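To start, the structure under review is shown below, and the notes come after it.
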Amino acid sequence: MRLPILAAAAGIVLLTQAPTQANADAHMTEGSPELTFERVFASPSLNGPAPRQAKFSPDGRYLTLLRNREDDRERYDLWGFDIDAQEWRMLVDSEALGTGRELSEDEKMQRERARVGNLSGIISYQWASDASGVLVPLDGDLYFAKLDGEVTRLTDTEESELNPALSPQSSYVSFVRDRQLWVGEVGGEAAPITPKEDDTIRWGEAEFVAQEEMGRLTGYWWNGDDTHLVVQRTDESPVGIVTRAAIGATGTTVFDQRYPVAGSDNAIVELFVMDPDGGNRVKIDIGEETDIYIARVDWGTDGMVYVQRQNREQTVLDMLRVDPATGASEVWFTEKAAREEYWINLSDNYRFLKDGSLLWWSERDGFGNFYRFNGSDWKQLTSLKEPVTALVGVNEDENQFFYRAVEGVLTEQVYSASLSGDAGHERVTDPAFSNSASMAGDGETLLITRSATNQPTQSYLADASGNRITWVEENALDADHPYTPFLSSHVTPEYGTIEAEDGTPLHYMMLKPEMEPGKEYPVFYYHYSGPGPQLVDKGWGGALAQAVVDRGYIYFVLDNRGTANRGVDFEQPLYRAMGGIEVRDQRLGAEFLQTLDFVDSDKIAIYGWSYGGYMTLKQLQANPGLYAAGISGAPVTRWGLYDTHYTERFMGDPREVPEAYEAASAIPDATKISDPLLLIHGMADDNVVFENSSELISVMQENNVPFEMMLYPGYTHRVSGEQISPHLWNTMFRFLESHGVTPPE
């Protein structure tokens with residue numbers, strides 16, 4: 001499950017120097033404004049510009065990115081930076097070009113699954129191969145924007161054009177419309193190249209679980225010379241129908257959604273090779289077993305098709321090598337889970353090299369590392385004892401590749417290493433920051449983004465050795481920066497570790513308000529707790545946590561076993577046991593807080609969203625009296641309501657291990673909750689459907705168990721917006737205040 005977390009308001013703020021206490025004090029004035037939740041979520045963002053989707057043009061001359069507006073932090077326009085001329089200019093103005101047309105329901109749901117449902121304007125784009133311009137989807141239609149400012153409209157329909165793409169040689173534009181794949185020459189008329197079948201058949205689209213859980217948002221793939229495509233055909237007829245009521249402010253819309261809950265049938269996926277006009281269709285042999293997942297599809301440098309096929313249990317991944325002329329396939333290699341009671345974490349960290357070999361990421365030695373496979377033999381290229389997390393780029397001419405890896409648990413750094421594995425690795429980023437990067441196609445220029453606890457995110461262009469060429473967005477905390485008025489109270493987090501019951505160190509982060517000796521302070525204990533997100537790191541935390549601290553609360557976060565970036569053995573304890581080890585680890589965090597003389601032991605409040613909302617419920621059930629109050633946002637309450645790919649990865653099939661699902665559920669022990677509880681849910685949630693909360697509500701009401709709730713009509717799993725977000729956070733703190741979880745006088 002890629003359940004989103006409701007964390008600090010993130011963004012891009014760039015400094016030439018980290019703010020020290022001295023320069024923070026220099027900004028302090030008696031009239032400093034209050035850092036309210038209203039200001040945290042208003043425009044302009046306190047973090048400055050938040051550029052997205054930075055890409056290099058194919059010729060390496062331009063860097064393009066999506067930049068949000070000062071007066072609307074969630075609307076993005078397309079900007080380009082001429083690297084030679086060192087000049088920025090807007091390439092596409094989303095307001096001037098857009099129609100404001102209502103998006104189709106399919107596109108809205110795709111945006112939700114891509115976690116961009118709150119954004120407007122331009123949310124994606126693609127460069128033409130000759131660097132002449134970019135393909136821009138906007139308000140459901142497609143445009144081609146040239147660098148000279150000329151913009152050509154390619155489509156004008158009431159329906160949305162989903163998953164648009166330029167073919168690699170830019171001969172064609174392709175997209176999905178009305179469950180068919182359409183292809184046309186750029187500037188010409190597009191036509192469907194797949195048949196129109198009944199409503200359970202979709203062509204060219206990734207199925208629900210691929211989009212939601214597997215990080216695969218497309219269902220078709222061009223080869224390098226524009227002569228063929230691989231196209232997915234999805235039969236949703238085996239998938240059960242979930243009737244989802246999207247309850248709005250003035251009415252309710254009912255959707256009959258094909259949703260594969262854990263233990264039920266998935267969609268049947270088939271793959272076909274075809275010409276750009278749909279001719280010469282050849283079915284790919286992906287095996288007789290249909291109860292599988294198609295994780296990734298690629299065209300190799302040898303002209304073959306490579307399909308990653310994952311078993312339903314997600315413990316085995318076969319890389320199929322397919323002859324596109326016949327569809328015949330063979331297993332090129334097999335990747336197995338690193339432990340008997342573990343799973344395979346899918347990734348995009350691989351690259352087919354010019355000689356036909358494969359650069360491949362695997363956790364087979366207990367940590368993410370890179371290997372090279374030549375068709376018969378494997379060679380390990382990295383041997384780090386902290387996880388490698390991403391492939392950044394490859395420069396085959398220099399026999400070099402670049403990757404991101406964890407360093408010291410709390411930061412990530414970018415490194416270069418040899419593709420032949422005959423040399424060590426070299427860090428190309430500053431260890432004082434937590435870093436990420438992308439790279440131009442030639443592997444010579446890096447775009448590095450970095451941040452630190454007192455340094456909002458920076459981005460700059462660098463050479464292959466990491467030497468800065470130029471800032472992309474310097475965005476310094478100067479007198480004009482929106483965050484500058486609040487620097488006087490900016491808090492640097494404190495870090496430490498707590499031992500888990502087996503001795504494993506668990507990292508925590510604490511932000512403390514200005515405190516008076518002898519007084520005790522309440523704690524706002526934020527957590528997610530589930531597989532995936534690491535919350536404790538040394539990156540920029542944004543303004544939201546600071547606003548909580550400014551109210552007089554200690555802000556505390558602990559990463560329990562099961563979270564990412566610590567290796568296989570750290571994640572493994574969740575296997576078929578969600579809602580167990582996380583509860584025990586987080587309890588240790590609360591007990592640690594109780595030992596601190598500046599903490600009011602009777603005023604520790606816990607808050608989480610999504611998996612964190614689920615964990616709030618489980619902790620209140622397991623540890624009555626430990627927490628002064630709990631806030632549960634959009635919780636999963638019964639794992640049988642969630643989808644197959646996420647849930648079964650960790651919990652197994654409920655038809656085989658029903659006892660694991662019963663133990664993990666938050667419903668059976670709901671009546672044990674005796675501490676104050678605030679339940680929050682969006683009433684149009686298509687991810688953690690509202691039934692999760694409505695069942696909990698019913699059980700507690702029928703058993704006369706008191707609790708409070710705040711429901712948001714029309715909002716999905718993402719309850720956010722310039723007015724709604726402060727309403728949400730003000731509601732949470734009014735709840736805490738009503739139960740006496742307040743700072744000392």
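Throughout, residue positions are numbered sequentially from 1 according to the sequence presented. None of the values given here were measured: they were computed from a predicted structure. These values consider heavy atoms only, across backbone and side chains, with no hydrogens, waters or symmetry-generated copies.
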Residues forming a side-chain contact (heavy atoms from CB on, under 4.5 Å) with [X], sequence neighbours excluded:
X	value
Ser436	Arg404, Thr449
Asp106	Ser104, Leu162, Arg202
Thr382	Asn369, Phe370, Val388, Phe401, Tyr403

Checking the side chain of [X] only, and the main-chain atoms of [Y] only, is there a donor and an acceptor separated by less than 3.5 Å?
X	Y	value
Trp222	Pro276	no
Trp127	Pro58	no
Asn163	Leu217	yes
Trp182	Arg177	yes
Arg73	Ala42	yes
Asn68	Glu74	no
Asp302	Gly356	no
Glu396	Lys354	yes
Asp298	Arg296	no
Gln308	Ala295	no

Might you point out which heavy atoms bring [X] and [Y] nearest each other, and give the distance in Å?
X	Y	result
Leu66	Ser124	CD1-N, 3.9 Å
Pro456	Ser451	C-CB, 4.1 Å
Ile448	Ala462	CD1-CB, 3.9 Å

Do [X] and [Y] have side chains that approach each other closer than 4.5 Å (heavy atoms only, starting at C-beta)?
X	Y	answer
Tyr555	Val491	no
Leu229	Leu181	yes
Leu353	Leu358	no
Ser43	Arg69	no
Leu410	Gln534	yes
Arg153	Thr99	yes
Glu161	Leu154	no
Lys538	Met509	no

Between the side chains of Arg67 and Asp77, is the shortest nitrogen-to-carboxylate-oxygen separation below 4.0 Å, so that they form an ion pair?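 The answer is no: the pair does not qualify as a salt bridge.
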Should the pair Arg468-Asp430 be classified as a salt bridge under the 4.0 Å nitrogen-to-oxygen rule?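 Salt bridge flag = no for Asp430 with Arg468.
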Applying side-chain contact (heavy atoms from CB on, under 4.5 Å) to Tyr528 and Thr563, what does each step give before you reach the verdict? CA-CA 9 Å; Tyr528 178 74; Thr563 55; 5.8 Å; no
Stepwise side-chain contact (heavy atoms from CB on, under 4.5 Å) check, Ile83 with Thr470: CA-CA 9 Å; Ile83 296 173; Thr470 184; 5.8 Å; no
Please enumerate all residues that pass salt bridge (Lys or Arg N to Asp or Glu O under 4.0 Å) together with [X], with sequence neighbours excluded.
X	answer
Arg39	none
Arg351	none
Arg111	Glu107
Asp59	none

Not counting sequence neighbours, which residues clear side-chain hydrogen bond (donor to acceptor under 3.5 Å, both in side chains) with Tyr220? List them please.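 Listed in chain order: Ser174.
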For Gln232, all residues meeting side-chain hydrogen bond (donor to acceptor under 3.5 Å, both in side chains), sequence neighbours excluded: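 If we apply the side-chain hydrogen bond (donor to acceptor under 3.5 Å, both in side chains) test to Gln232, skipping adjacent residues, the hits are Glu207, Arg216, Thr234.
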Say whether [X] and [Y], considering side chains only, have a donor N or O and an acceptor N or O under 3.5 Å apart.
X	Y	value
Asp226	Ser171	yes
Thr492	Thr453	no
Glu212	Asn687	yes
Ser420	Ser418	yes
Gln413	Thr429	yes
Asp537	Ser434	no

Taking only residues two or more places apart in sequence, or in another chain, which ones meet Phe486 in a ring-ring contact (aromatic ring centres under 6.0 Å, His included)?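 Listed in chain order: nothing, the list is empty.
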Hey, mind stepping through Asn118 and Ser720 against side-chain hydrogen bond (donor to acceptor under 3.5 Å, both in side chains) and telling me if it holds? CA-CA 8 Å; Asn118 60 314; Ser720 66; 4.7 Å; no
Sort and list the pairs that fulfil ring-ring contact (aromatic ring centres under 6.0 Å, His included) and have at least one residue in residues 79-104, not counting sequence neighbours.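 Sorted result for residues 79-104: Phe81-Trp88.
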Test: salt bridge (Lys or Arg N to Asp or Glu O under 4.0 Å). Region: residues 432-446. Which pairs qualify, not counting sequence neighbours?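 Qualifying pairs: none.
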